[in-house]
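Chain letters run A, B, ... following the sequence lines, proteins first, then strands; residues in each count from 1.
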Amino acid sequence: MYQDVILDHYKHPHGRGLRDGDAEVHHVNPTCGDEITLRVRYEGETVADVSYEGQGCSISQASASVLNELLVGKELDEARRIQDAFLELMQSKGQLEPDDAMEEVLEDAVAFAGVSKYPARVKCALLSWMAWKDATAQALGEGAAKERTA
Amino acid sequence: MYQDVILDHYKHPHGRGLRDGDAEVHHVNPTCGDEITLRVRYEGETVADVSYEGQGCSISQASASVLNELLVGKELDEARRIQDAFLELMQSKGQLEPDDAMEEVLEDAVAFAGVSKYPARVKCALLSWMAWKDATAQALGEGAAKERTA
Amino acid sequence: MTDSGRGLPGLLDTEAIRKDFPILDRAVHDGAKLVYLDNAATSQKPRQVLDALSGYYERHNANVHRGVHVLAEEATALYEGARDKVAAFINAPSRDEVVFTKNASESLNLVANMLGWADEPYRVERDTEIVITEMEHHSNIVPWQLLAQRTGAKLKWFGLTDDGRLDLSNIDEVITEKTKVVSFVQVSNILGTVNPVEEIVRRAQDVGALVVVDASQAAPHMALDVQALQADFVAFTGHKMCGPTGIGVLWGRKGLLDDLPPFLGGGEMIETVSMHSSTYAPAPHKFEAGTPPIAQAVGLGAAVDYLSAIGMDRVQAHEHALTEYAVGRLREVPDLRIIGPVTGENRGATISFTLGDIHPHDVGQVLDEQGIAVRVGHHCARPVCLRYGIPATTRASFYLYSSPAEVDALVDGLEQVRNFFG
Amino acid sequence: MTDSGRGLPGLLDTEAIRKDFPILDRAVHDGAKLVYLDNAATSQKPRQVLDALSGYYERHNANVHRGVHVLAEEATALYEGARDKVAAFINAPSRDEVVFTKNASESLNLVANMLGWADEPYRVERDTEIVITEMEHHSNIVPWQLLAQRTGAKLKWFGLTDDGRLDLSNIDEVITEKTKVVSFVQVSNILGTVNPVEEIVRRAQDVGALVVVDASQAAPHMALDVQALQADFVAFTGHKMCGPTGIGVLWGRKGLLDDLPPFLGGGEMIETVSMHSSTYAPAPHKFEAGTPPIAQAVGLGAAVDYLSAIGMDRVQAHEHALTEYAVGRLREVPDLRIIGPVTGENRGATISFTLGDIHPHDVGQVLDEQGIAVRVGHHCARPVCLRYGIPATTRASFYLYSSPAEVDALVDGLEQVRNFFG
Ligand SMILES: Cc1ncc(COP(=O)(O)O)c(C=O)c1O
Ligand SMILES: Cc1ncc(COP(=O)(O)O)c(C=O)c1O
């Protein structure tokens, strides 16, 4: 499960640190104590920044780094598509073999395919993604967020 | 376990019915609903009467009848010896083969030896004997009773 | 021994089924063949369940939920997989509505305690009412008595008709606007009565009371569909449905489980703990403090698989045919009085009776000497005995492996009892 | 792999013992030999216990206490016989002081609830105090938090010293005349610390407070003598001591069990029930509502026989030798920090540590890939992690079948972890 890509992101995380944002959330994985504080900043419909700080295992750290790399600069719709694809991959219990189309959407994040075989670690990989979703809903207003996904 | 002696006492109980007494107790076997109301009357140290009424299985009914037959007319010390012997027999888990000495003390009551193999039924056999012990303590005053056994 | 029951329609192939249950081969009392008619107390366990238990311990045993090692992941998958199986078995809308307890009694106490500590609008307190019935098992009486004593709420109940049914004639006086909770048994463990759930649920819903169904004697014997029942909570127990001892189930509506407070506190049921305060995990884990009965859940999962493979409708049809046959044959026995419905209609495969004035203990003992295992006593439903003015009953109860020949053995055995004490 | 641990004095013949535990032969991850070092979470089960379980189900299974048939009498004798075995194992003055629960968590909740509903002088209520410690398992924290919230009592606790021991320097301020109950762990499941029971008991007795000892990590590993402990209640759990899941024990002083009110209500725990009121059976049955974990008690009885045949003193000596060896070897690992006592003195065979800033999840996962099962996380003792400013630990814990070679495998495995994340 420890692909080189994951270890790379773990050792050299992208965009780590807290910067200005429109909303901040704090998520905890109670079973292992992993924590993340995450902020989002939007410019119109564009993900202008995702900044974060936290402690956790290589999987949760690398996953936050990959999230930053993938989502910053994207339009919200596109970012949501990426998040959905990542969620699908992580919930696949190792049954999903990422194809070219998925690889195009998820880029480095396909390296997490192996993690989906380990139920205890799936939560680690998803921690930052759930935090991002939550922060985005807050930043754009729950109502607005719901409307968009409807 | 159903010796003829037991069935005889069950079908033709001795001294059944409630008569005047010095003390009355009501005992219940909660697991099966067997009940007995029992009165004792003493003349000095002599067991003048043991009268009883109740509902229960053949074992508990026959045992009350045997108790009446054995104890009425006896001196208290002797009655206590009989009660102790009966208790010992019933707690023997079928391991005790009544000898002549025991047979002399317990008379018909040795027929209950077989019952001691059935833990669920031992309580039935002891119901009236425990009631008698309790009623006796009440009739003679707890203190008095304790002194005597000491 | 007659074998007039052979051709009954709807019977399962008990000869094949019995091969799955090692204990049914046992001889008792120097050679008498075991005739096990004490299924309402507990059922026997098929080989498939015993294999699931030893398989768990021999290959996968670990504590659940918190491990990253292989065994912990396998044990967790097996334990949570058992939850999926049970959820499917009772047609639960969500697996998170299935709480594992140690038995049905704990399930019922759990609900009573939750309601005692709940916030409005669920809180049971002074000036509110709790409704049960006179045919409840002690496990569905005492928790409510304790709750009433401890909160000042009033305990009310439905009485029984002479033929062993709930007397619902005064339903509007018993269940009122003050009623917070109505808890009743779906199938009586002493009378065999199958109760009209719908009528009670409708009235309870009208006044906004929660409904708890004690399905301990239903889940083993018929298809249980918690959505069709429309209750808020349903309790049952593993050991009566081919599962191990030490495991019970509480099904509850998701929204309620989310809103209600926890009962037992400890490991597994928390989200985060500090010395000053704690927050709790979402249901079902909120209600599962400590290391759960892991192997027992796995065993219950295997039991549910076993029963489902045969089909609960077929189990019910089998038992119904057998009950009709048994009621008919028992009514031929002189001096025998059935306590409970005297026909096979709306009744389960549990038949209580008295035999003249021969005490049930004596009936049971003489049957036992012939290898026939029945239960005698008040069957943890003493108010029913009080209601019918009897100290106790003899109870024969059947299951999917019971055969007409065993009914015949019972009837013959009763004949011997009568001769013996006649 | 070194085998410097071979000649340690006091070691058991683990090669022989391991033959009793089928799971220890298992290979994981395509061929790695299982090195099971997660014994503080749950122990593995010897063949003798598994045989007792299947023997019970295959030959004697019935519900207990109320039957007159052979199976019911055998099941009752086996269940109550298990109580005798456990009573002897912990040197209880009376078998009636042994209450079977589903796990240690239920045992602890039982005590907390009894004290909440008790009459004077035991009642925990506003203006009284409850004392625990900062090294408790969540199962000995949350029940007392709930009790404090629900009664208005105040929850206090002993802190920890930097080297993982209880800080008793302020014992007279923590335990005061207002203290009703002091509940603490005998051996910590995260730090491994063995606590000075006597000193705490003495102070509690001085102020008339009840003492509850959580012996969940003591009972499996050393001779437990409840009379020597002088506590009022002792809780432990079957699955950590070679027994099945689904069974726990609460030992309590006879007089207290008689005086204190019941907790769960239902079948088995009653004396007599009417719709209006009920009376309760004497202890221990008063506290055992519903069908008990019968097979699990029988299994625990077999576990106790198994451990007694080896001898608890020998088990303790084995683990002590192994712990000394493990502490020594772990201290050689660069960047490894033991959380808890760093010597073998007054400590059990549970060793928690951090490894540089490599997250315990990653440590555990890489060890798992080599077949080494350790636990990672807060081990249901999150306040300890908060106290030492760490998110989690990696924990290796040993038992009677653990060998020096397994310690060596762990140390080698940690080397690989460091290389991987270095
Ligand atoms: C110290 C301690 N107390 C209590 C418990 C709770 O035991 P159980 O989970 O069996 O209820 C445990 C184990 O998890 C423990 O280690
Ligand atoms: C109708 C009913 N309710 C509740 C129970 C209690 O089940 P358990 O003893 O498994 O808690 C039983 C069985 O004993 C029962 O028959």
Side-chain angles (χ1 to χ4, degrees), chain C residues 22-23 26 28 41-42 44-45 50 54 57-59 61-63 66-71 102-106 109 134 137-139 141-143 145-146 157 239 244-246 264-267 270 273-275 278 289-291 293-296 361 364-365 368 373 375-377 380 382-383 386, chain D residues 22-23 26 28 41-42 44-45 50 54 57-59 61-63 66-71 102-106 109 134 137-139 141-143 145-146 157 239 244-246 264-267 270 273-275 278 289-291 293-296 361 364-365 368 373 375-377 380 382-383 386:
Chain C
I23 205 173
R26 217 195 111 160
V28 292
T42 201
Q44 298 303 342
K45 326 299 175 200
L50 303 187
S54 20
Y57 286 124
E58 288 173 11
R59 286 194 304 279
N61 175 62
N63 213 325
R66 289 158 301 175
V68 295
H69 59 78
V70 178
L71 296 184
K102 70 172 171 179
N103 55 26
S105 303
E106 186 191 354
N109 279 275
E134 204 174 358
H137 188 280
H138 293 163
S139 293
I141 298 177
V142 183
Q145 286 180 338
L146 287 170
W157 55 86
H239 67 89
T245 59
L264 304 181
I270 56 94
V273 172
S274 78
M275 295 306 288
S278 302
T291 302
I294 307 172
Q296 293 74 34
H361 258 180
Q365 195 89 47
D368 175 59
R375 187 128 311 215
V376 301
C380 289
R382 188 164 170 270
L386 295 177
Chain D
I23 204 173
R26 217 196 111 162
V28 292
T42 201
Q44 297 304 341
K45 326 299 174 200
L50 304 187
S54 21
Y57 285 126
E58 286 174 10
R59 287 195 302 279
N61 175 63
N63 213 325
R66 288 159 301 176
V68 294
H69 59 79
V70 178
L71 296 186
K102 69 173 170 177
N103 54 26
S105 303
E106 187 191 352
N109 279 275
E134 204 175 358
H137 188 279
H138 293 163
S139 292
I141 299 177
V142 183
Q145 286 180 338
L146 287 170
W157 55 87
H239 66 90
T245 59
L264 303 181
I270 56 95
V273 172
S274 78
M275 294 307 286
S278 302
T291 302
I294 308 171
Q296 293 73 37
H361 257 181
Q365 194 89 47
D368 175 59
R375 188 130 310 217
V376 300
C380 289
R382 189 165 169 272
L386 293 178

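Between chain D and the options A373(C), G377(C), G364(C), the largest number of non-hydrogen pairs under 4.5 Å is found for A373(C). When E134(D), Q365(D), H239(D) are compared by the number of non-hydrogen pairs under 4.5 Å with chain C, H239(D) comes out ahead. The residue among T42(D), V142(D), N109(D) with the most heavy atom pairs within less than 4.5 Å of chain C is N109(D). Counting heavy-atom pairs closer than 4.5 Å to chain D, the top residue among G246(C), P383(C), P22(C), A62(C) is P383(C). Chain C forms more heavy-atom pairs under 4.5 Å with one residue of H361(D), R382(D), K102(D), R375(D) than with any other, namely R375(D). The candidate with the highest count of non-hydrogen atom pairs below 4.5 Å against chain D, out of V376(C), V28(C), L50(C), is L50(C).
Within the 4.5 angstrom heavy-atom criterion, atoms from both the backbone and the side chain of N61(D) approach chain C. With a 4.5 angstrom heavy-atom cutoff, L71(C) touches chain D only via side-chain atoms. Of the atoms belonging to I294(D), heavy atoms from both backbone and side chain fall under 4.5 Å from chain C. Of the two parts of Q145(D), only the side chain, counted from C-beta on, holds a non-hydrogen atom closer than 4.5 Å to a non-hydrogen atom of chain C. Residue V68(D) touches chain C through both its backbone and its side chain, counting heavy-atom pairs closer than 4.5 Å. The contact between I270(D) and chain C is made entirely by side chain atoms (from C-beta outward), counting heavy-atom distances below 4.5 Å.
Minimum interatomic distance between T245(C) and Y57(D) (heavy atoms only, all atoms of both residues): N-OH, 3.2 Å. Nearest heavy-atom pair across S139(D) and G267(C) is OG-N, 2.9 Å. The shortest non-hydrogen separation linking G265(C) to P143(D) is O-CG, 3.5 Å. When all heavy atoms of L386(D) and V273(C) are compared, the closest pair comes out as CD1-O, 4.3 Å.
A distance of 6.0 Å separates CD in E106(C) from CD in E106(D), rounded to the nearest 0.5 Å.
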